[in-house]
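Step one of this worksheet: look at the structure below.
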Amino acid sequence: MSTGNMNLTLKVWRQKNNKTAGALVDYKVTDISPDMSFLEMFDVLNEQLINKGEEPVVFDHDCREGICGMCSMFINGRPHGPKDLVTTCQLHMRSFKDGDTIVVEPWRAAAFPVVKDLAVDRSAFDRVIAAGGFISVNTGNAQDANSLPIPKMQADAAFEAAACIGCGACVATCKNASAMLFVSAKISQLALLPQGQPERYRRVQSMVAQMDSEGFGNCTNTGACEAECPKGISLENIARMNRDFASAKFISEETV
Amino acid sequence: MSGFGNAFSSSIGKKFIMGITGLFLILFLIVHCGINALIFLDDDGLKFNIGAHFMATNWIIRAGEYVLFIGLLVHIFQALRLTLQNQKARPVKYAVNDGKANSKWYSRSMGLLGTLLLIFLVVHLKDFWVVSRFTGIPTVDVNGHENLYGVMKVKFQDPVRVGVYILAMISLCYHLLHGFASAFQTMGWNHSKYNGIIKNVGVWYSIIISLLFAAMPIAVYAGLIK
Ligand code: HEM
Ligand code: SF4
Ligand code: FES
């Protein structure tokens with residue numbers, strides 16, 4: 001691995017499992033290249049730990065190109081670190097200075113229990129999706145795309161909502177550990193398209209109910225989620241979800 | 001429950017209640033501030049006392065007073081419930097959390113600002129509402145109306161009280177700087193053509209209402225109105 005000239009002090013959250021208490025542990029890493037990604041810097045740290053016969057730090061990662069949403073790290077008080085619109089794997093060491101101390105913690109939320117060290121269990125998101133984040137269609141040939149005209153603005157808004165990668169940064173940064181940005185993006189991507197209409201009001205009720213039962217907090221519109229979301233998901237989606245929820249509860253006759 | 005299911009016990013339903021009661025309190029403050037601003041006419045409180053007399057005797061206003069108290073209590077109760085639930089949603093706090101990087105401090109301090117408002121409300125209701133409704137206003141003005149204006153002039157000779165009122169109005173300003181636009185977002189009233197207007201009206205509303213309210217004790221204490 002390319003060597004560089006950065007020497008850093010890391011304070012990394014180490015926790016054996018969900019039953020034991022954890023603590024921040026100090027590590028030094030040396031000769032870090034400014035061109036490394038933050039995760040590659042962690043690879044260097046882990047090699048160092050393995051060579052010394054110590055347990056490497058467990059952290060989630062998969063694609064390392066900003067699309068899978070796995071790389072959850074709360075870096076110096078911000079999810080995915082100091083840069084806007086990037087995931088941890090897209091964060092480079094040039095965003096830090098030689099000699100910096102960097103504090104790395106896991107996402108903290110009752111709904112995201114720590115599995116080990118920096119890895120948390122985000123299956124609460126999966127259960128919210130399973131509660132209604134889909135459309136029911138018969139299998140077979142897809143119909144001709146032009147048979148469902150969709151205004152460009154509508155299609156763009158749906159596409160922007162669909163950019164959510166389920167990383168959980170919104171929950172991690174929210175002072176209330178609220179999942180409203182994630183859930184509203186997953187509701188909006190379908191509510192904005194014709195294919196999503198038949199189940200629109202059932203969907204919003206079941207997904208919100210599941211979100212609540214997972215123990216996420218209540219949104220207070222601080223806007224921290226939107227500011228920290230690596231995909232720039234907009235607060236507009238939350239307003240749309242609230243509108244749909246009101247329609248579902250007070251106007252639609254379908255109860256869930 | 002018939003058809004409405006868990007509409008108001010869900011996270012969004014609870015927020016609807018916050019939003020509706022908050023907007024209702026915002027409307028109330030316009031009326032309250034408008035009538036109080038009559039003291040700036042500097043007519044020895046005659047117009048103000050007429051306004052106060054109307055507010056104290058008109059049956060619609062008196063019925064509205066119950067709605068106001070219920071609205072306020074619901075707002076406070078719901079705020080407490082939400083704040084406690086939200087704390088439970090993050091049992092282990094971050095060692096380092098850079099909140100200022102992504103949100104305004106007052107948007108993160110609505111519970112604190114609200115609590116300051118609540119303490120102020122107790123002082124304020126004791127100062128004026130209890131006097132006008134229960135213990136009685138001691139004097140009448142030349143029109144024969146109860147002289148609430150006179151009560152106010154005496155109360156605002158106390159610099160500590162004036163200080164408390166000014167601090168409370170600073171809290172109100174910040175509570176509303178977040179709350180006004182937040183209530184619209186909560187209700188789902190978010191629309192690219194109106195968002196700018198809502199934001200601007202919210203900022204002006206918060207500043208004008210709190211400045212006008214704060215100017216009242218200051219003007220009386222400084223002897224700017226007789
Ligand atoms: C005249 C007084 C008050 C007015 C005009 C007012 C107005 C508002 C408004 C408009 C909101 C935003 C609602 C939303 O986001 O949907 C709000 C939220 C809130 N208020 Fe008040 N409020 C007042 C008094 C209080 C008091 C006395 C307390 C506490 C004891 C309080 C605590 C809160 C809290 C905790 C929130 C939640 C923050 C949020 O959801 O964004 N408020 N208020
Ligand atoms: S809304 Fe943004 S921050 Fe939240 S899970 Fe989706 S991509 Fe991540
Ligand atoms: S590892 Fe996939 S988004 Fe970072």
Side-chain angles (χ1 to χ4, degrees), chain A residues 11 13 21-22 24 74-79 82 84 103 105-106 108-111 114 171-180 204-205 208-209 211-212 215-228 234-236 238-250 253 255-256, chain B residues 1-20 78-79 81-111 178-192 195 198:
Chain A
K11 289 179 179 294
W13 185 262
L24 286 171
F74 207 78
I75 302 162
N76 282 346
R78 297 182 67 185
D84 289 341
V103 181
E105 297 173 79
R108 297 216 182 275
V114 170
V171 175
T173 197
C174 173
K175 79 179 248 294
N176 312 312
S178 163
M180 296 269 277
V204 66
Q205 296 185 67
V208 168
M211 168 180 86
D212 290 350
F216 294 107
N218 309 285
C219 171
T220 58
N221 303 323
T222 66
C225 53
E226 183 185 56
E228 297 292 7
S234 156
L235 289 180
E236 253 175 71
I238 297 184
R240 181 180 299 106
M241 169 172 72
N242 290 7
R243 258 191 328 264
D244 278 10
F245 186 81
S247 303
K249 289 293 183 195
F250 301 114
E253 290 189 0
T255 47
V256 174
Chain B
M1 236 203 315
S2 67
F4 290 112
N6 56 358
F8 288 114
S9 58
S10 70
S11 56
I12 299 181
K14 277 181 278 190
K15 288 294 327 254
F16 284 157
I17 294 177
M18 263 338 263
I20 293 167
Q78 199 73 329
R81 213 154 75 118
L82 283 170
T83 307
L84 291 179
Q85 277 183 354
N86 290 346
Q87 278 168 1
K88 270 216 327 245
R90 173 160 301 130
V92 185
K93 308 286 174 234
Y94 288 107
V96 180
N97 195 351
D98 190 3
K100 67 181 183 317
N102 51 43
S103 52
K104 298 273 196 294
W105 70 267
Y106 48 87
S107 78
R108 285 177 272 120
S109 314
M110 291 295 276
H178 177 67
F180 191 101
S182 171
F184 281 81
Q185 165 76 6
T186 296
M187 303 309 293
W189 302 330
N190 174 316
H191 186 294
S192 58
N195 287 347
I198 293 169

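In the text below, chain A, chain B and the rest are named by the order of the sequence lines, each starting its count at 1.
- Both the backbone and the side chain of A:Ile238 come within contact range of chain B, each with at least one heavy atom under 4.5 Å from a heavy atom of that chain.
- Between the side chains of B:Asn190 and B:Gln185, at least one donor N or O lies within less than 3.5 Å of an accepting N or O.
- Contact annotation for A:Val171: only backbone heavy atoms (N, CA, C, O) come within less than 4.5 Å of a heavy atom of chain B.
- Remark: the A:Asn218 side chain and the A:Asn176 side chain contain no N/O donor-acceptor pair separated by less than 3.5 Å.
- Looking at residues two or more places apart in sequence or on another chain, you find a ring-ring contact (aromatic ring centres under 6.0 Å, His included) between B:Trp189 and B:Phe184.
- A donor-acceptor pair is defined here as one N or O able to donate and one able to accept, closer than 3.5 Å; no such pair exists between the side chain of B:Arg108 and the backbone of A:Thr222.
- Here A:Ala177 is the residue among A:Ala177, A:Gly217, A:Ala227 with the most heavy-atom pairs under 4.5 Å with chain B.
- Residue contact with chain B, scored on non-hydrogen atoms closer than 4.5 Å, involves the backbone of A:Asn76 exclusively.
- Looking at A:Arg108, both its backbone and its side chain come within 4.5 Å of chain B, counting heavy atoms on both sides.
- Contact of A:Cys225 with chain B is not made at all, since no heavy-atom distance falls under 4.5 Å.
- Looking at A:Ala172, both its backbone and its side chain come within 4.5 Å of chain B, counting heavy atoms on both sides.
- Interface remark: of the candidates A:Cys219, A:Gly22, A:Gly215, A:Ala248, A:Cys219 forms the most heavy-atom pairs closer than 4.5 Å to chain B.
- With rounding to the nearest 0.5 angstrom, the CG atom of A:Asp212 is 5.5 Å from the OG atom of B:Ser10.
- Judged by distance alone, with hydrogens and angles left aside, the side-chain atoms of B:His178 form a donor-acceptor pair with the main-chain N or O of A:Thr220 at under 3.5 Å.
- For A:Ile75, no part lies under 4.5 angstrom from a heavy atom of chain B.
- At distances below 3.5 Å, at least one donor-acceptor pair connects side-chain atoms of A:Asn221 with backbone N or O atoms of B:Ser182.
- For the set A:Trp13, A:Phe250, A:Phe216, the entry with the most heavy-atom pairs within less than 4.5 Å of chain B is A:Phe250.
- Using a 4.5 Å cut-off between heavy atoms, A:Pro82 does not touch chain B at all.
- Contacts of A:Glu105 with chain B are made by side-chain atoms alone, with heavy-atom separations under 4.5 Å and no backbone atom involved.
- In this structure, chain B has a heavy atom under 4.5 Å from the side chain of A:Phe74, while its backbone stays farther away.
- With hydrogens and angles disregarded, a donor-acceptor distance shorter than 3.5 Å links the side chain of A:Asn242 to the backbone of B:Thr186.
- Interface summary for chain A: among B:Lys93, B:Lys88, B:Met18, the most heavy-atom pairs under 4.5 angstrom belong to B:Lys93.
- Side chains of B:Lys14 and B:Gln78: no donor on one and acceptor on the other come within 3.5 Å.
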